[in-house]
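This report refers to the structure that appears directly beneath it.
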Amino acid sequence: MSDSGPESFEATPRDSSDASFLRAEVRIDLDAIRHNTARLVEASGSAQVMAVVKADAYGHGLVESAFAARQGGAEWLGTALLDEALILRAAGDSGRLLAWLAIPGDRFEECVAADIDVGVSTTWGISDLVTASRSAGRPARVHLKVDTGLARGGAFNTDWPALVKSALVAQSSGEISIVGLWSHMVFADKPKHPTVTAQIATFNEAVELAERMGVTPEVRHLANSAATFALPDTHYDLVRPGISIYGISPGPEVGTSSSLGLVPAMTVVGRLAQVKRVPAGQGVSYAHLYVTSGESTLGLVPIGYADGIPRHATNVGPVLAAGKVRTVAGMVCMDQFVLDLGNDAASEGDEVFLFGPGTRGEPTADDWAIACDTIPYEIVTSVGPRIPRVFRGGR
Ligand SMILES: *Cc1c(COP(=O)(O)O)cnc(C)c1O
């Protein structure tokens, strides 16, 4: 981590991206992702680590982030969509890889051919994978998912034996290989919640039932980031951290980013497009929801809700500008918002920091989540593709 930190962004010459940083950029510190992954490897004990890189690696850039996580020691990568896993294969990743959110008609055959494991919750999923296996000429590798109480994906208790049975039938004819048994937590970020022990017990029963029926799983897995840190009983053979790979705490009851030894990897920077003096009593932005208290300098930040800045940041979103943390003045618009810089000096083209690791005094994604009444997951994944990602470190 010696060469990471915001200063080194300026120190590192950027070729093509230099010219394009006119309006805004998202700086991704791949050394931080590598460091965080190594930290998860440490926290998971003897279990392997699957770095979850769904949703463009939580907005951090799928391929670059995935490679950094591999360097940090992730033996597995996990995606929601089959499409996301196929992008990783096309980019040259050849390690263990699981995708778990498929719909009928999905790209099963391509995934089987590309050696991608698939999460399956339904008997139609088994049938589709059997068909895919015949076309691809090799067995489909599946992870059978049991619903232990989240009531989202997964086979619910009464459907579990039928799912296991259909997978075993397909395995005996060589079309499927049952690699994993898995489930997902409801309240891992509230480690003392009563559903936690209930879910672990239900998972153990489901695994035992499958084993009695003849399954010999290579990996059993249940833990997300919160469970990896707070619930060692959920580690089994493999853990699936996502948000912590990017340096963000999964929740205040689990710890802070720094108490968990994590380094936030994303910094969102904009440049002031216009700076002007206005009198006291001036209403600012649509609906004049902010009014200047004295004569003041307004700075226009050319980033808006079309870039993923929540409209809920209106009058509350924190931004480091002209040496101080300010709050957004008035309404966040589609492409822009305004800051009241008071009487501090600022020029057009100056950098302002929406959030980052906090090392230069800028707010964090956690600060934005609190201000906007959401979770930092939504803050980082919402930052849109209109703002270019600039990578440093890694590879
Ligand atoms: C997103 C996701 C994870 C990662 O969760 P974090 O809270 O980001 O660590 C793990 N498993 C599944 C099934 C997921 O959908």
Side-chain angles (χ1 to χ4, degrees), residues 33 36-37 39-41 43-44 47-60 62 65-66 69 72 74-85 96-103 117-121 125 142-155 179-191 193 196 199 203 219-232 234-257 260-262 264-266 365-366 369 374-382:
I33 292 178
N36 297 329
T37 308
R39 175 73 193 98
L40 269 304
V41 167
S44 62
Q48 296 186 316
V49 170
M50 172 188 291
V52 176
V53 293
K54 62 191 179 186
D56 199 28
Y58 291 47
H60 293 66
L62 173 59
S65 300
E75 293 188 57
W76 291 74
L77 296 175
T79 66
L81 309 188
L82 275 52
D83 291 356
E84 295 169 327
R96 306 298 299 270
L97 174 55
L98 172 68
W100 57 72
L101 192 59
I103 58 158
D117 293 21
V118 180
V120 182
S121 304
V142 305
H143 295 232
L144 302 177
K145 185 173 191 184
V146 59
D147 179 353
T148 52
L150 181 58
R152 201 176 67 176
V179 175
L181 299 175
W182 69 298
S183 190
H184 194 45
M185 304 288 293
V186 181
F187 271 114
D189 58 331
K190 308 250 182 306
H193 196 276
V196 167
Q199 273 197 283
F203 185 62
V219 285
R220 300 157 298 159
H221 47 107
L222 180 59
N224 55 8
S225 293
T228 302
F229 284 113
L231 298 165
T234 64
H235 287 178
Y236 298 95
D237 309 301
L238 176 66
V239 298
R240 304 187 309 268
I243 194 75
S244 53
I245 295 287
Y246 311 101
I248 296 172
S249 164
E253 292 186 26
V254 178
T256 62
S257 173
L260 297 172
L262 303 172
M266 179 187 285
D366 274 316
T374 183
I375 52 175
Y377 294 69
E378 189 180 10
I379 297 297
V380 292
T381 55
S382 296

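Counting starts at 1 for both ligands and their atoms, following the listed order.
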For P241, the ligand 1 atoms whose distance to one of its heavy atoms is below 4.0 Å
9 (O)
Using modelled atom types and a 3.5 Å cut-off, is there a donor and acceptor pairing between side-chain atoms of S244 and backbone atoms of S249?
no
Hey, does the side chain of S257 reach the backbone of G247 with a donor-acceptor pair shorter than 3.5 angstrom?
yes
Below 4.0 Å from any atom of ligand 1, is there a heavy atom belonging to S244?
no
Going by the side-chain contact (heavy atoms from CB on, under 4.5 Å) test, name the single residue among D117, V118, V142 that passes it with L98.
D117
Should the pair H143 and H221 be assigned to parallel (<30°), tilted (30 to 60°) or perpendicular (>60°) ring geometry?
perpendicular
Nitrogen or oxygen atoms of I243 and ligand 1 under 3.5 Å apart
yes
Using modelled atom types and a 3.5 Å cut-off, is there a donor and acceptor pairing between side-chain atoms of H60 and backbone atoms of A57?
yes
Give a yes or no answer on whether the side chain of D56 reaches the backbone of Y58 with a donor-acceptor pair at less than 3.5 Å.
no
What I want to know is whether V52 and ligand 1 share at least one N or O pair that is separated by under 3.5 angstrom.
no
With a 4.5 Å limit on heavy-atom distance, are the side chains of I245 and L40 in contact?
yes
shortest atom 10 (C) of ligand 1-to-protein heavy-atom contact is with R240 O, 3.3 Å
Taking distance alone, with no angle check, do Y377 and ligand 1 share an N/O pair under 3.5 Å?
yes
Taking only heavy atoms of W182, which atoms of ligand 1 are found under 4.0 Å from at least one of them?
13 (C)
Could you identify the single nearest non-hydrogen protein atom to atom 9 (O) of ligand 1 and state the distance to 0.1 Å?
S225 OG, 2.5 Å
Nearest candidate to atom 15 (O) of ligand 1, where distance is taken over non-hydrogen atoms, out of H221, K54, M185, H184
K54
T374 side chain to E378 side chain, donor-acceptor N/O pair below 3.5 angstrom
yes
Just to be sure I read this right, does ligand 1 sit under 4.0 Å from the backbone of P250, its side chain, both, or neither, counting only heavy atoms?
neither
Examine Y58 against ligand 1 and note whether any of their N/O atoms are separated by less than 3.5 Å.
yes
For R152, counting its heavy atoms only, list the atoms of ligand 1 lying under 4.0 Å from any of them.
15 (O)
